Structures are given as C-alpha cells and as structure tokens.
Number of protein chains: 2
Amino acid sequence: MDRVDKILAQWSRERPDLDTEAMGIMGRLKRLTTHLAREVDQVLQEQGLSSSSFDVLATLRRSGAPYRLSPGDLLSMTMVSSGTMTNRIDQLEKAGLVERVLNPDDRRSVLIALTKAGLAAVESAVGVHVANQQRLTKSFSAEEKAQLDTLLRKFLATFE
Amino acid sequence: MDRVDKILAQWSRERPDLDTEAMGIMGRLKRLTTHLAREVDQVLQEQGLSSSSFDVLATLRRSGAPYRLSPGDLLSMTMVSSGTMTNRIDQLEKAGLVERVLNPDDRRSVLIALTKAGLAAVESAVGVHVANQQRLTKSFSAEEKAQLDTLLRKFLATFE
DNA sequence: ACCGCATATCTTGACGTCAAGATAAATGGA
DNA sequence: TCCATTTATCTTGACGTCAAGATATGCGGT
C-alpha cells in the first residue's frame with residue numbers, strides 16, 4: 001500500500017467506473033522520476049553543475065575530441081527547445097565552460113566547444129554522476145535491471 | 001539501437017571504464033517521462049486545464065464530497081513546494097474552479113473547495129485523461145503491465 | 001495569563017523552460 | 001545573377017517551479 005495505491009483506492013471509491021491500471025503505472029513513473037531527478041540534481045550541484053549544464057557538457061564530451069558541436073546538433077540530442085539551448089549555452093559560456101567559435105563552413109552557425117575548464121568539469125562530474133546512478137538502482141538484481149530496461153525500451157519505442 | 005543506445009555507445013567509445021547499465025535505465029526513464037508528460041499535457045490542455053491545475057482538481061475530487069481540503073493536505077499529496085501550491089490555488093481561484101473558504105476550526109488555515117464549475121471541469125477531464133493514459137500504455141500486454149508496475153513499485157519504495 | 005515554539009499559508013526573487021517570432025546566412029531554380 | 005525558400009540561431013514574453021523567509025495563528029508549559 002504505497003502512496004499511489006492510496007490514490008487509486010480513492011478513485012475506486014469515488015469513481016468505480018474508472019480502470020486504474022494505467023493510472024497506477026503513470027503515477028508511479030511520475031513520482032519515481034521526480035525523486036530520481038532530485039537525487040541526481042543534488043549530486044551534480046555538489047559538483048558545481050546544474051543538470052541542464054551537465055546535460056550539455058556531457059553531450060559534448062561523449063561526442064569525442066575536439067569536443068565541438070553546433071547548437072543544432074546539441075538540440076537534436078537533448079529534447080529541449082532552441083530557446084532553452086541558447087540559454088544553456090549562454091550560462092555555460094558565462095561560466096567559462098564552453099565557448100562559441102565561428103563555424104568556418106557556415107556563417108549562420110557556430111560551434112560550441114568545451115574549454116579546458118569545461119572538459120575538466122565534465123570529466124570530474126561524470127564519474128560521480130554514474131556512481132550515483134548506480135547507487136539509485138542498486139535495489140534491483142541484475143535480472144530485474146535487465147527486465148526493467150527491456151520494458152522501458154519497448155515503452156520508449158512508442159515515441160521515438 | 002534506440003537513441004539511448006547511441007548515447008551509451010558514445011560513452012563506451014570515449015570512456016570504456018564507465019559501466020553504462022544504470023545510465024541506460026535512467027536515460028530511458030527520463031526520455032520516456034518527457035514524452036509521456038507532453039502527451040498528457042496536450043490532452044488536458046484540450047480540456048482547458050494545465051496538468052498542474054488538473055493535479056489539484058483531481059486531488060480534491062478523489063478526496064470525496066464535499067470536495068474540500070486545506071492547502072497543507074493538498075501539499076502532502078502532490079510533491080510540490082508550498083509556494084507552488086499557493087500559486088496553483090491562485091490560478092484555479094482566478095478561473096473560478098476552486099474557492100478559498102474560511103476554516104472554522106483553525107484560523108491559520110483555509111479550505112480549498114471545488115466550485116460547481118470546478119467539479120464539472122474535473123469530472124469531464126478525468127475520463128478523457130484516463131482514456132489517454134490507457135492509450136499511452138496500450139503497447140503492453142496485461143502481463144507486461146503487471147511486470148512494469150511491480151518493478152516501478154519496488155523502485156519507488158526506495159524513496160517513499 | 002503569558003510567552004516561546006510550532007504550524008499553516010503566503011510572498012519574494014531567481015531559474016529553467018517553452019512557443020512564437022525575429023534575424024541572418026545558405027541554397028537552388030529560373 | 002537574383003530572389004524566394006529553407007536552415008540555424010537567437011530573442012522575447014509568459015509560465016511554473018523552488019528555496020528562503022515573512023506573517024499570522026495555535027498550543028503547551030509555567
């Protein structure tokens with residue numbers, strides 16, 4: 001009888017006509033990801049980064065040397081609007097973690113490049129972040145993790 | 001090979017020392033819930049409600065007649081800060097869907113009551129919303145839904 | 001009866017996000 | 001070559017959220 005069960009029980013009493021199976025899954029997903037986001041944010045904040053900033057730095061880092069992508073590339077990898085990406089880059093540039101360099105091939109575009117400080121920040125943060133992710137999923141056995149991943153992959157495939 | 005697999009492949013190439021199992025689960029969860037939130041928001045918006053507003057109206061509705069709860073009660077059921085709840089109530093009051101009535105038992109407190117229009121709005125929206133949730137999970141068999149729910153319940157229990 | 005602490009709600013200021021539109025450069029067909 | 005269209009990025013204004021603190025009432029021990 002967790003919090004979501006209590007919500008479903010209320011609905012059953014008030015609106016017995018409603019099928020609550022999907023509600024339960026969606027409700028648990030929502031509450032769960034709210035908790036997870038808070039845990040992740042806290043650890044990244046201890047590294048001096050917001051999760052938004054980390055998201056961009058990590059995308060640049062994993063793209064490989066020379067750690068440069070256009071805003072459009074970043075956009076296509078991160079599920080945010082163009083205005084949000086501009087804002088994220090502005091913040092990171094102000095913090096000295098990335099710089100905008102001219103794109104010689106296309107003057108409409110720029111390249112966002114990790115600075116030395118940006119590379120150092122993300123290299124330091126990513127290890128801590130991954131360890132934190134492992135901590136957050138450690139209540140599952142290897143088999144359960146595989147099962148969950150399979151189900152999430154199938155669910156996600158509905159949308160991507 | 002979905003989007004998350006591509007991200008994990010990049011990390012494997014750049015940082016083969018990192019174990020990406022937890023990253024995969026967390027990444028899929030995050031992308032999935034972003035998609036789900038957008039789908040849910042869109043349907044509720046067609047009902048004239050934001051998901052924040054619906055959240056409050058639904059909490060009042062499922063609490064049963066006379067559909068009245070204090071802001072503190074609402075707070076304890078909805079994972080938002082007190083300032084956010086005040087703001088949500090303000091919006092709903094402006095829209096005529098709830099009203100603040102004095103709490104005769106405690107003058108520090110007020111009761112948030114569904115108005116006639118608020119009750120009508122949530123009764124209309126909840127059916128459409130639940131149908132939408134069912135649509136969003138319809139790619140799963142009954143067994144898969146049960147399996148997913150079990151795993152999510154266990155995961156959520158880590159935090160609540 | 002009083003006073004200090006607890007409780008309940010609201011206020012303030014800062015962020016991150018989005019949708020819609022603005023700006024500027026590239027492209028391709030006539 | 002030229003211009004209409006497309007592409008790439010940035011700007012603007014509005015929201016929803018939070019943390020921290022303000023305000024007001026209740027409550028319990030002396």
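Side chains are part of it too, since the values below use all heavy atoms of this structure and drop only hydrogens, waters and symmetry mates. Owing to the predicted nature of the structure, the values given are computational and were not obtained by experimental measurement. Numbers restart at 1 for each chain; the letters A, B, ... are given by sequence-line order, proteins then strands.
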_Length of the CG-C1' vector between B/Leu75 and C/dT9, whole Å_ = 9 Å
_Gap between atoms CD and C1', on B/Gln91 and D/dC15 respectively (whole Å)_ = 9 Å
*With heavy atoms under 4.0 Å as the rule, sort A/Ser109 into base, sugar-phosphate or nothing.*
sugar-phosphate
*asked:* Is it true that B/Ser53 and B/Gln91 share a donor-acceptor pair across their side chains at a distance under 3.5 Å?
replied: no
_Quick check for you: among D/dC18, C/dA8, C/dG16, whose closest atom lies nearest to any side-chain atom of A/Ser50?_
C/dG16
*Could you check whether the rings of B/Phe159 and A/His35 sit parallel, tilted or perpendicular, using 30° and 60° as the cut-offs?*
parallel
*Answer whether the closest heavy-atom distance between the side chains of A/Val56 and A/Thr78 falls below 4.5 Å.*
no
*Record whether the side chain of B/Ser82 comes under 3.5 Å of the base of C/dC10 through a donor-acceptor pair of N or O atoms.*
yes
_Atom-to-atom span, CG of B/Leu69 to P of C/dT9 - whole angstrom_ = 11 Å
*Listed nucleotide nearest any side-chain atom of A/Thr84, set C/dC18, D/dT9, D/dT25*: C/dC18
*What's the CG-P distance between A/Asp73 and D/dT9, to the nearest Å?*
7 Å
*Assign A/Gly72 to base, sugar-phosphate, or nothing according to its heavy-atom contacts below 4.0 angstrom with the strands shown.*
sugar-phosphate
*Looking only at side-chain N and O atoms, does A/Arg107 come under 4.0 Å of OP1 or OP2 in C/dA24?*
no
*asked:* Quick check on DNA chain C: between B/Ser70 and A/Met79, whose nearest nucleotide comes earlier from the 5' end?
replied: B/Ser70
_Need one value for A/Ser52: base, sugar-phosphate or nothing, where a base atom within 4.0 Å counts as base even if backbone is also close, heavy atoms only._
sugar-phosphate
*Over how many whole Å does the gap from B/Ile112 atom CD1 to C/dA8 atom P extend?*
14 Å
*Name the closest nucleotide to the A/Val110 side chain, picking from D/dT9, C/dA25, C/dA6.*
D/dT9
*Under 4.0 Å: is that the gap between some side-chain N or O of B/Arg88 and OP1 or OP2 of D/dT17?*
yes
*Once you round it to whole Å, what is the distance between P of D/dT9 and CG of A/Leu74?*
9 Å
*Find the distance A/Asn103:CG to C/dA26:P and express it as a whole number of Å.*
10 Å
*Among the nucleotides C/dT9, D/dG16, D/dC18, which one has an atom lying closest to any side-chain atom of B/Pro71?*
C/dT9
*Going from CG on A/Leu136 to CD on A/Glu39, what distance comes out if it is rounded to the nearest 0.5 angstrom?*
5.5 Å
*asked:* Within the 4.5 Å heavy-atom criterion, are B/Trp11 and A/Val126 side-chain neighbours or not?
replied: yes
*With nearest nucleotides of DNA chain D determined for A/Asp106 and A/Asp90 from heavy-atom distances, which residue corresponds to the more 5′ nucleotide?*
A/Asp106
*Closest to side chain of B/Asn87, choosing from D/dG16, C/dT17, C/dA26*: D/dG16
*Taking the side chain of B/Arg38 as its heavy atoms from C-beta onward, which of C/dC10, D/dC10, C/dC18 lies nearest to it?*
C/dC18
*For the pair made of CG in B/Leu49 and C1' in D/dC15, what is the distance, rounded to whole Å?*
16 Å
_Any B/Gln10 side-chain heavy atom under 4.5 Å of B/Lys6 side chain_ = no
*Hey, does the side-chain of A/Arg108 have a donor or acceptor N/O within less than 3.5 Å of a partner on the base of D/dT7?*
yes
